There are 2 protein chains.
Amino acid sequence: MRSEDIQIHAHNCHNDKETHKACVSLVPIFNHLEEEQMDEIMVTAQSVSYKKGEIIYRAGEQSDSLYIINNGKIRIYRLSESGKEQLVRILNTGEFTGEHALFSESTHESYAEALVDTKVCMIKRADLQEFLLKYPSISLKILTEFSTRLEQSEKQTTRFATEKVETRIALFLAECKDSEEGKSKEIVLPMSKKNLASFLGTTPETLSRKLADLEDQGFISQKAQRKIEIIDLDGLLLV
Amino acid sequence: MRSEDIQIHAHNCHNDKETHKACVSLVPIFNHLEEEQMDEIMVTAQSVSYKKGEIIYRAGEQSDSLYIINNGKIRIYRLSESGKEQLVRILNTGEFTGEHALFSESTHESYAEALVDTKVCMIKRADLQEFLLKYPSISLKILTEFSTRLEQSEKQTTRFATEKVETRIALFLAECKDSEEGKSKEIVLPMSKKNLASFLGTTPETLSRKLADLEDQGFISQKAQRKIEIIDLDGLLLV
DNA sequence: CGCGGGGTTGAACATTCTCAAGAACTGTGG
DNA sequence: CCACAGTTCTTGAGAATGTTCAACCCCGCG
């Protein structure tokens, strides 16, 4: 990054086209764009950096931007009516959030917190909408992404509604295994057990016990450092 | 409806432009269309009727249409990995389903069953996509609708993850009250208690007991015919 | 009038949470 | 590199919550 860029914007806010393009080209909804389209949307983007622990947005705040993670890691969580926290998802480099406010002109309902030092790239609602009207095929891409997320969210709801904790854990481990490309039987949990408990709608204590149970039954083997070896996938899924 | 139309199509499948327009004009994502646009999309639509109890689509089936309810009532439900059923939503006249398959070229993950004799209006994926590319502003409408649904689904997930059954019931009753326009304190449950239990991720027995508890505590009063009087809304929400 | 489904109630049981205490790990400053 | 502080994680015991199964009621409908 050139030093002039840093001086132009207050705080930690820059506008570096190359960085934006590198970032955005990772995002599924944008990575099929042509060069000129990419450039066109990128000139409207802004970079902002957050330190570990900083809150990027809160429930109730007005919002009008899409946030794409340039590098870093963000935790999205909600507070229920009775004040309990649930982890909704962890975002890594190339993923995005803020989509609701983008189209609904409403306020955030969740919280976004930087888990490590994180740099995001923001695109304003007005800019994106204009862009979508100009290139309609991109809307179809986003619609596809949205409907997939909706489907996943409903599946998750059904799991909470009908499966007991042990099953939810087993299903989670199985999905981790699916998404790890290598054939190795070992998976790495994408978050701390504390956060995983929150994601799965249970407590750290119960999660710890259920993992121990699954280990006793010979389905998995817990290693150091969030690593778990899946010994018997089929057995795991019959829990 | 003209009799020629009926003869053209086998079974119970018609193509009656006026019916379609009457139906589609109720749908939030279409009701802002101009006359000619409405006509244009409607000529591609098809009507199909289902008898009470018939399955409109099943999980695993290929699908490529949006279903809009012309009149009647449909129950959307899912089966979890372990085979338990959860009611996802009840659709009434003017509401739609099938949106996932519309953009993802995938199979259904849920089941749709006619709760009463029902007439739906179907629009094919290819027709709708062509239409959206021609009129990009409609995509923005649909994106708005999708992102709202996604937000709601995530809220629901968080409730299942963090609230106990009694609270989920109380929140449901409160939302019923919100959506009933009249100022009357009496609400009418939109489904049987058996279905409501499935929707709320519990059993009919527990639902029955919790409602009795809420009544004992003086927050509500159960009348005949799925009617419930909300006596103390604030108290209800502190449960 | 009897049938059947929805709804309710009771009692035993299963699951999960809470609280508390201790162990293991992580990162930081010396 | 070590010691310490602040976590995260684990384990135990008891309490709270919810489910299951079985019996029964009630009402609408043929």
Side-chain angles (χ1 to χ4, degrees), chain A residues 51-53 73 75 77 80 82-87 90 113 115-117 159-172 188-217 220-228 239, chain B residues 52-53 75 80 82-87 90 113 115-116 159-172 188-217 220-228 239:
Chain A
K51 288 225 162 33
K52 172 178 174 175
K73 190 178 279 215
R75 181 172 79 102
Y77 63 94
S80 70
S82 65
K84 282 190 217 156
E85 172 181 320
Q86 194 219 357
L87 195 160
I90 302 272
E113 174 196 347
L115 283 176
V116 298
D117 290 1
R159 279 191 192 169
F160 279 116
T162 61
E163 309 288 17
K164 53 187 189 180
V165 173
E166 194 165 17
T167 309
R168 301 206 296 268
I169 295 172
L171 289 167
F172 179 83
V188 180
L189 295 181
M191 58 187 104
S192 71
K193 288 187 181 170
K194 188 185 180 220
N195 279 329
L196 181 56
S198 167
F199 180 74
L200 293 175
T202 183
T203 59
E205 294 94 326
T206 298
L207 176 60
S208 178
R209 278 186 257 267
K210 296 300 181 187
L211 284 175
D213 286 353
L214 292 174
E215 196 161 15
D216 288 348
Q217 296 171 65
I220 65 173
S221 166
Q222 300 190 64
K223 316 287 186 186
Q225 311 273 90
R226 294 185 189 173
K227 286 204 272 284
I228 295 181
V239 168
Chain B
K52 172 177 176 176
R75 181 172 80 102
S80 70
S82 64
K84 282 190 217 156
E85 171 181 321
Q86 193 219 359
L87 196 161
I90 301 272
E113 174 197 346
L115 284 177
V116 298
R159 278 190 193 169
F160 278 115
T162 61
E163 309 287 17
K164 52 186 189 182
V165 173
E166 194 166 19
T167 308
R168 301 206 296 269
I169 296 171
L171 288 167
F172 178 83
V188 180
L189 295 181
M191 57 187 106
S192 71
K193 288 186 182 170
K194 188 181 180 227
N195 279 329
L196 181 55
S198 169
F199 180 74
L200 293 174
T202 184
T203 59
E205 294 94 327
T206 298
L207 176 60
S208 178
R209 278 186 258 265
K210 296 299 181 186
L211 284 175
D213 286 352
L214 292 174
E215 194 160 17
D216 288 348
Q217 296 170 64
I220 65 173
S221 167
Q222 299 191 65
K223 315 287 186 187
Q225 310 276 89
R226 296 184 187 173
K227 286 204 272 283
I228 294 181
V239 167

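The model shown is predicted, which means the values in this text are computed figures rather than measured ones. Every chain is numbered from 1, with letters handed out A, B, ... down the list of sequences.
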Atom-pair distance ([atom1] on [X]; [atom2] on [N]), nearest Å:
X: B:Leu207; N: C:dT9; atom1: CG; atom2: P; answer: 12 Å
X: A:Lys223; N: C:dA24; atom1: NZ; atom2: P; answer: 18 Å
X: B:Glu163; N: C:dC17; atom1: CD; atom2: C1'; answer: 15 Å
X: A:Ile169; N: C:dT15; atom1: CD1; atom2: P; answer: 13 Å
X: B:Lys52; N: C:dG5; atom1: NZ; atom2: P; answer: 12 Å
X: A:Lys164; N: C:dA14; atom1: NZ; atom2: P; answer: 11 Å
X: A:Glu166; N: C:dT16; atom1: CD; atom2: P; answer: 8 Å
X: A:Glu205; N: C:dT15; atom1: CD; atom2: P; answer: 18 Å

**Prompt:** Does any non-hydrogen side-chain atom of B:Leu115 lie less than 4.5 Å from one of B:Met191?
**Reply:**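 When only atoms from C-beta onward are counted, B:Leu115 and B:Met191 do not touch, as no gap falls below 4.5 Å.
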
**Asked** Considering only heavy atoms from C-beta outward, does the side chain of A:Arg226 approach that of A:Ser192 to under 4.5 Å?
**Response** yes

**Request:** Name the nucleic acid region contacted by A:Lys210, choosing base, sugar-phosphate or nothing; use a 4.0 angstrom heavy-atom cut-off, strictly under.
**Result:**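 The residue A:Lys210 makes sugar-phosphate contact but no base contact.
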
**Prompt:** At under 4.0 Å between heavy atoms, what does B:Thr206 touch on the DNA or RNA strands: base, sugar-phosphate, or nothing?
**Reply:** base

**Prompt:** Is any N or O donor-acceptor pair between the side chain of A:Arg209 and the base of C:dT18 shorter than 3.5 Å?
**Reply:** yes

**Asked** Which nucleotide span of DNA chain D, 5' end to 3' end, has atoms closer than 4.0 Å to non-hydrogen atoms of chain A?
**Response**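 Nucleotide range with atoms under 4.0 Å of chain A: D:dT8 to D:dA13.
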
**Request:** Give the C-alpha distance, both sets of side-chain angles, the deciding distance and a yes or no for side chain to side chain contact (heavy atoms under 4.5 Å, CB included) between B:Lys210 and B:Thr202.
**Result:** CA-CA 11 Å; B:Lys210 296 299 181 186; B:Thr202 184; over 6 Å; no

**Prompt:** Would B:Glu163 and B:Arg168 pass as an ion pair if we require N to O under 4.0 Å?
**Reply:**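 Answer for the salt bridge query: no.
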
**Request:** Between A:Ala161 and A:Lys193, name the one whose nearest nucleotide on DNA chain D is closer to the 5' end.
**Result:** A:Lys193

**Message:** I'd like to know if the side chain of B:Glu215 and the backbone of B:Gln222 have a donor-acceptor N/O pair within less than 3.5 Å.
**Reply:** yes

**Donor-acceptor contact below 3.5 Å, side chain A:Asp117 vs main chain A:Lys51** =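 Judged by distance alone, no pair lies under 3.5 Å.
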
**Request:** Using heavy atoms to find the nearest nucleotide of DNA chain C for A:Arg168 and A:Ala224 separately, return the residue whose nucleotide is more 5′.
**Result:**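 With A:Arg168 and A:Ala224 compared, the 5'-side residue is A:Arg168.
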
**Request:** With sequence neighbours excluded, tell me which residues meet ring-ring contact (aromatic ring centres under 6.0 Å, His included) with A:Phe199.
**Result:**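 Testing A:Phe199 for ring-ring contact (aromatic ring centres under 6.0 Å, His included), a comparison that skips the adjacent residues, returns A:Phe172.
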
